[in-house]
4 protein chains.
Amino acid sequence: MFIQLKFDSEVPIYEQIKQQIKIGMAKGTLQPGERLPSVRQLAKDIGINLHTVNKAYQQLRDENFLLIHRQRGVVIHPDGAPKTDEIHKETLKAELAPIIADAFCREMSENDFLSVCYEIFKEMKGGSSDG
Amino acid sequence: MFIQLKFDSEVPIYEQIKQQIKIGMAKGTLQPGERLPSVRQLAKDIGINLHTVNKAYQQLRDENFLLIHRQRGVVIHPDGAPKTDEIHKETLKAELAPIIADAFCREMSENDFLSVCYEIFKEMKGGSSDG
Amino acid sequence: MFIQLKFDSEVPIYEQIKQQIKIGMAKGTLQPGERLPSVRQLAKDIGINLHTVNKAYQQLRDENFLLIHRQRGVVIHPDGAPKTDEIHKETLKAELAPIIADAFCREMSENDFLSVCYEIFKEMKGGSSDG
Amino acid sequence: MFIQLKFDSEVPIYEQIKQQIKIGMAKGTLQPGERLPSVRQLAKDIGINLHTVNKAYQQLRDENFLLIHRQRGVVIHPDGAPKTDEIHKETLKAELAPIIADAFCREMSENDFLSVCYEIFKEMKGGSSDG
DNA sequence: GTGGTCTAGACCACA
DNA sequence: GTGGTCTAGACCACG
């Protein structure tokens, strides 16, 4: 399975799972409508408790990234993720502000910062074929 | 004091304090060598526990953003924050990746994303000169 | 067939089938004595498991909405549904209370709420005669 | 405590808790900003597991009925519940349709149905003082 | 088989 | 003290 966890991270495991799934969706590794492993299967694969996986799945469903389908199990939302809007943009600014403040204090130039973003975007757009 | 807390946020209060101080430093509201309120004073001002403020100060000291003098109290590090390096850049990428993945899934364009970053940078650069 | 299912709903499929049949009966699309598709046929039509359809039919029979003849198959009860009584009224209140509480909390006016009910009733009454 | 559970109900316990809290809010028993018992306390009071209470609280927080406050614990949202809107109205119609269809099939008159709604509203508006 | 619910108990972060 | 996370294992509803 595509999930790589850091068990010694401060980021909760269920949060890491959410992030990895979103990254998979961004890179195209996970396509809309595609089925994800069952909670039990994924839990077994990565050696954690099924409730932890379930929590990640539930929250992604609440965010409309996933559908929990009576027949097909857990799938990537066929319509893709919800589209960006003002609320998302505000959330984004609130998330970025402290990160950028930190970088700014460290005298990282705006260009250097934007380059980092650019690189990450490139990985998403180009998928893994470029890597 | 300039600290604005959200007590119903998921972000711990000590973390919010750290962020606000860094934002203050980025905007120039807080200058190198400038003295911060004492732990007790700040705790009283914003109506929180003294240990919470202390934790924020301690961690900022560990990150070399602050100096804690036994006599002169807590001051912004005279040399400013530590400079960006490879370690910081890697940390930054790890922080940004899930945020960008989320934005990418929501079909936010790279330009729109970079604009948001640009805006935030502008607030830092223009910061106190406008005020 | 007139059944529209949402496979990603929290409502179980057999429950959705029951609801749709009752709505059909209320709108007059389904008349007393009218024959319904066989379990196998309906299951095939909507692409679900045979047991699911069966469960819905069985429960509607237990509620006296349907008759299941060994020969003539499944039919809408010739006498129509059982009539409302005190038991039904109590059940109804128990079902409505949390829904109304929710609407009340959201400051929906009593008139607005009753209007919604009125609209739904109108669809039932006007139902098939318009079609 | 004000929560009354039916352990033999089909409605999940956490759902009953949610409903009871909303009813309390509607009746004014629970006021905006008022503190709720801690998960552990409430769990102990009604003799269930703390995770079950937590699930109810979490979902009510997600619906913006509650705030989980770093200092005051779990409180009724100071602004009250989110206001009704088109989304809520659609949800409401979807919830009411099968209930009304059932009543309609049982030949309950529209007036009788609206009377039941009226009674429930009266309990909310008048609080318990009328009862 | 799937996910949903509930229990039980542990440990940690936070204030 | 609070809520948050994670584990473990049970039972049930569903399809």
Side-chain angles (χ1 to χ4, degrees), chain A residues 5 7 9-17 35-44 46-59 61 66-75, chain B residues 5 7-17 43 46-56, chain C residues 5 7-17 43 46-56 59, chain D residues 5 7 9-17 35-43 46-59 61 66-75:
Chain A
L5 298 180
F7 290 100
S9 165
E10 296 171 4
V11 183
I13 295 178
Y14 77 89
E15 188 64 36
Q16 294 185 47
I17 295 173
R35 189 172 173 184
L36 291 177
S38 76
V39 279
R40 282 174 175 79
Q41 187 60 48
L42 181 52
K44 209 178 91 184
I46 53 188
I48 61 173
N49 191 279
L50 92 175
H51 292 112
T52 307
V53 176
N54 194 46
K55 185 167 186 175
Y57 279 1
Q58 289 295 328
Q59 293 197 1
R61 187 203 55 178
L66 299 185
L67 275 188
I68 297 183
H69 196 281
R70 293 240 165 223
Q71 300 185 304
R72 277 174 265 158
V74 180
V75 299
Chain B
L5 297 181
F7 289 102
D8 58 329
S9 164
E10 298 169 5
V11 182
I13 293 178
Y14 79 90
E15 188 65 36
Q16 293 184 51
I17 295 174
I46 49 187
I48 60 175
N49 194 293
L50 166 155
H51 297 99
T52 308
V53 177
N54 195 49
K55 183 166 185 175
Chain C
L5 298 180
F7 289 102
D8 57 331
S9 164
E10 296 170 6
V11 182
I13 292 178
Y14 79 90
E15 188 66 35
Q16 293 186 49
I17 295 173
I46 50 188
I48 61 174
N49 192 296
L50 166 155
H51 297 100
T52 308
V53 176
N54 194 49
K55 184 166 184 175
Q59 292 196 1
Chain D
L5 298 181
F7 289 100
S9 164
E10 296 171 5
V11 183
I13 295 177
Y14 76 89
E15 188 65 35
Q16 293 185 48
I17 295 173
R35 188 173 173 184
L36 291 176
S38 76
V39 279
R40 281 174 175 78
Q41 188 60 47
L42 182 51
I46 53 187
I48 60 174
N49 190 280
L50 91 174
H51 292 114
T52 307
V53 176
N54 194 46
K55 185 168 185 174
Y57 278 1
Q58 289 295 328
Q59 293 196 0
R61 188 202 54 178
L66 299 184
L67 275 188
I68 297 183
H69 196 282
R70 293 242 164 220
Q71 299 186 305
R72 278 174 264 157
V74 179
V75 299

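Remember, it's a predicted structure, so these values are computed and weren't measured experimentally.
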Here's a test of your reading of the structure: between D/Ile13 and B/Asn49, which maps to the more 5' nucleotide of DNA chain E?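 The residue whose closest nucleotide sits nearer the 5' end is D/Ile13.
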If you assign B/Pro12 and D/Pro12 each to the DNA chain E nucleotide with the nearest heavy atom, which residue ends up on the more 5' nucleotide?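 Nearest nucleotide further toward 5': that of D/Pro12.
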Pick base, sugar-phosphate or nothing for D/Gln58, based on heavy-atom distances below 4.0 Å to the nucleic acid.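 Answer is sugar-phosphate: D/Gln58 comes under 4.0 Å of backbone atoms only.
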Within the 4.0 Å heavy-atom criterion, would you say A/Leu50 contacts the bases, only the backbone, or no part of the nucleic acid?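 The answer is nothing, as A/Leu50 stays clear of every strand by at least 4.0 Å.
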Upstream residue (5' side of DNA chain F) when C/His51 and D/His51 are each assigned their closest nucleotide: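 Result: D/His51.
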Residue mapping more 5' on DNA chain F - nearest nucleotide basis, C/Ile48 or A/Phe7: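 It is A/Phe7 whose nearest nucleotide is closer to the 5' end.
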D/Arg40: what forms a side chain to side chain donor-acceptor pair (under 3.5 Å) with it, not counting sequence neighbours?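 Here no residue qualifies.
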What's the spacing between A/Leu36 CG and A/Gln41 CD if we round to 0.5 Å?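 Answer rounded to 0.5 Å: 12.0 Å.
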Report the distance from atom CD1 of A/Ile68 to atom CD of A/Gln58, rounding to the nearest 0.5 Å.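 Output value for this atom pair is 4.5 Å.
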Partners meeting side-chain contact (heavy atoms from CB on, under 4.5 Å) with [X] (sequence neighbours left out):
| X | result |
| --- | --- |
| C/Gln59 | C/Tyr14, C/Lys18, C/Lys55 |
| B/Leu5 | B/Ile3, B/Phe7, B/Ile13, B/Gln16, B/Ile17, B/Ile46, B/Ile48 |
| A/Leu67 | A/Val75, A/His77, A/Pro78, C/Asp8 |

A/Arg72 backbone acceptor or donor facing A/Arg35 side chain under 3.5 Å: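 Flag set: sc A/Arg35 to bb A/Arg72 pair under 3.5 Å.
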With pairs defined as Watson-Crick or G-U wobble and both distances under 3.5 angstrom, please note down DNA chain F as a dot-bracket string, | for pairing with another strand. ||||||||||||||.
Using a 4.5 Å cut-off on heavy atoms from C-beta on, say whether the side chain of C/Ser9 contacts that of A/Arg70.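 Counting from C-beta outward, A/Arg70 and C/Ser9 never come under 4.5 Å.
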Can you give me the first and the last nucleotide of DNA chain E (5' to 3') that has an atom within less than 4.0 angstrom of a non-hydrogen atom in chain D?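 The contact span of chain D on DNA chain E goes from E/dT5 to E/dA15.
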F/dC14 phosphate, OP1 or OP2: any side-chain N/O from C/Lys55 under 4.0 angstrom?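 Indeed, a polar side-chain atom of C/Lys55 lies that close.
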